[in-house]
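Residues take their numbers from the sequence shown, with the count starting at 1.
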Amino acid sequence: MKEIGYLVKRNSLLFLRERSAVFFSLLSMLIVLALMVIFLGRMNSQALVDLLSEWGGERDRAADERNAAYLIQLWTLAGILVVNAVTVTLTVTGSMVQDETEKRLAAFYVTPMSRLKLSLGYILSAWLVGTGMCLLTLAAGEGYFALRGYGLLGAGSVLALGGMIALNTFVFATIAYLFALSVHNSSAWSGLLTIVGTLVGFVGGIYLPMDSLSAPVQSALKCLPVLHGASMMREVCTEEAIVETFAGMPQGAGDIFREAMGISVMAGEHKFSPGEQVLILLLYAIIAIVAGAALSRRRKLR
């Protein structure tokens, strides 16, 4: 365990001391936030207000606008947490690719330390740093809501989100390690980061609501862990806001909104429960760990 602890500390410090890596990890979060709040978030909230006016008859439009804006921003915050869980863990795991490029990984392989411990060192450091960055993002989001005069999430919701953040970052840390086993130079890893950072918002239904996508695309996204991770966090973040926003609306209006925005994930008439989504995420982690173990045994350094 001492060896694993040393590797976790070393890999975490390699990321945190690299100011540019930390900066760009935060920058990706800010870009998504600006995109959603300034452009797509305003469009989504306005569409929701128009829908409330159409379905709800005589309503207080000012209250609807405020409630809709808060609801969409909570939905956005959940999406940003998942984006960070993916991109930060990938960035931290990049230390393994850098170690190989600079011939340090070969030195680790000839030590008495097992490859399992070495693998855990990379995975756990990505998990810890990713969890910390996501919790920082959650705190920043809550601070933003407080400044805007919105209500804060309850203690139970925050604790639930903390557990979901830890689960998501662990799953994506194992997947990032599997990717790192297939990449042998920093240039290729940078290209992978660019591709994943661009796609993660789409595969999680974060940039566009689910009802804006075609049925085949929706079906494909429902097979990926990003959407289920985002769905879990959205459910916790928006639960109370949906009740308040859709007060006085026909029964079932809130459920239609949940499905359209990817808060609820449906397979035909079946709604995935949080427990089922946890199992899906864990299944991906198990597959990544097993595949990573098999690749690690046969991996040859270049």
Side-chain angles (χ1 to χ4, degrees), residues 32 71-72 74-90 123 126-127 130-131 133-135 137-138 141 153-154 156-178 196 199-213 215-243 252 254-291:
V32 175
L71 173 56
I72 295 299
L74 285 168
W75 180 84
T76 301
L77 175 62
I80 293 173
L81 292 174
V82 175
V83 170
N84 275 4
V86 175
T87 57
V88 173
T89 52
L90 268 176
I123 292 172
W127 174 53
T131 299
M133 293 291 282
C134 287
L135 291 175
T137 302
L138 176 60
L153 295 173
S157 296
V158 172
L159 288 174
L161 280 174
M164 292 176 184
I165 286 171
L167 173 62
N168 276 269
T169 51
F170 177 74
V171 172
F172 294 121
T174 61
I175 295 173
Y177 176 73
L178 181 60
V196 172
L199 291 178
V200 63
F202 292 101
V203 300
I206 295 165
Y207 296 153
L208 294 173
M210 288 292 287
D211 66 346
S212 300
L213 306 173
V217 172
Q218 290 187 35
S219 298
L221 297 187
K222 291 173 185 178
C223 298
L224 301 177
V226 179
L227 178 61
H228 290 284
S231 169
M232 293 167 57
M233 294 196 197
R234 287 167 177 162
E235 186 68 49
V236 174
C237 285
T238 63
E239 183 178 8
E240 295 182 4
I242 288 178
V243 172
D255 293 334
I256 294 173
F257 175 80
R258 286 185 177 92
E259 184 176 355
M261 299 298 288
I263 299 171
S264 299
V265 180
M266 308 291 294
E269 296 298 319
H270 175 72
K271 175 185 174 182
F272 285 97
S273 68
E276 290 172 332
Q277 291 177 317
V278 168
L279 289 177
I280 289 171
L281 290 172
L282 290 176
L283 178 62
Y284 268 92
I286 292 170
I287 292 172
I289 291 171
V290 172

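For the pair Gln218 (side chain) and Met210 (backbone), a donor-acceptor distance under 3.5 Å is present. At least one donor-acceptor pair closer than 3.5 Å links the side chain of Glu276 to the backbone N or O of Ser273. Checking side-chain atoms of Arg234 against main-chain N and O of Gly79 turns up no donor-acceptor pair under 3.5 Å. The main-chain N or O of Ala241 is never found under 3.5 Å from a side-chain atom of Thr238 such that the two would form a donor-acceptor pair.
Within a 6.0 Å sphere centred on CZ of Phe170, heavy atoms belonging to other residues, nucleotides or ligands number 12 at most.
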Problem set entry | Test side-chain contact (heavy atoms from CB on, under 4.5 Å) applied to Leu213 and Phe202, step by step | CA-CA 10 Å; Leu213 306 173; Phe202 292 101; over 6 Å; no

For this session: Take Trp127 and Thr89, measure what side-chain contact (heavy atoms from CB on, under 4.5 Å) needs, and give me the verdict at the end.
Result: CA-CA 6 Å; Trp127 174 53; Thr89 52; 5.9 Å; no

For this session: With side-chain contact (heavy atoms from CB on, under 4.5 Å) as the test, would you mind laying out the steps for Leu281 and Met232 before giving the verdict?
Result: CA-CA 11 Å; Leu281 290 172; Met232 293 167 57; 3.7 Å; yes

Exercise. Thr131 and Thr169: side chain to side chain donor-acceptor pair (under 3.5 Å), yes or no, with the steps?
Worked result: CA-CA 6 Å; Thr131 299; Thr169 51; 2.7 Å; yes

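Separating the CD atom in Gln277 from the CG atom in Leu227 is a distance of 8.0 Å, to the nearest 0.5 Å. Interatomic distance, CG of Asn84 versus SG of Cys134, reported as 5.0 Å (0.5 Å rounding).
Just one of Leu74, Ile263, Asp255 meets the side-chain contact (heavy atoms from CB on, under 4.5 Å) condition when paired with Ile242; it is Ile263.
Side chains of Glu239 and Ser157: no donor on one and acceptor on the other come within 3.5 Å.
The two residues Lys222 and His228 make their nearest non-hydrogen contact at O-NE2, 2.7 Å.
Put simply, the side chain of Pro225 does not reach to within 4.5 Å of the side chain of Asn168, judged on heavy atoms.
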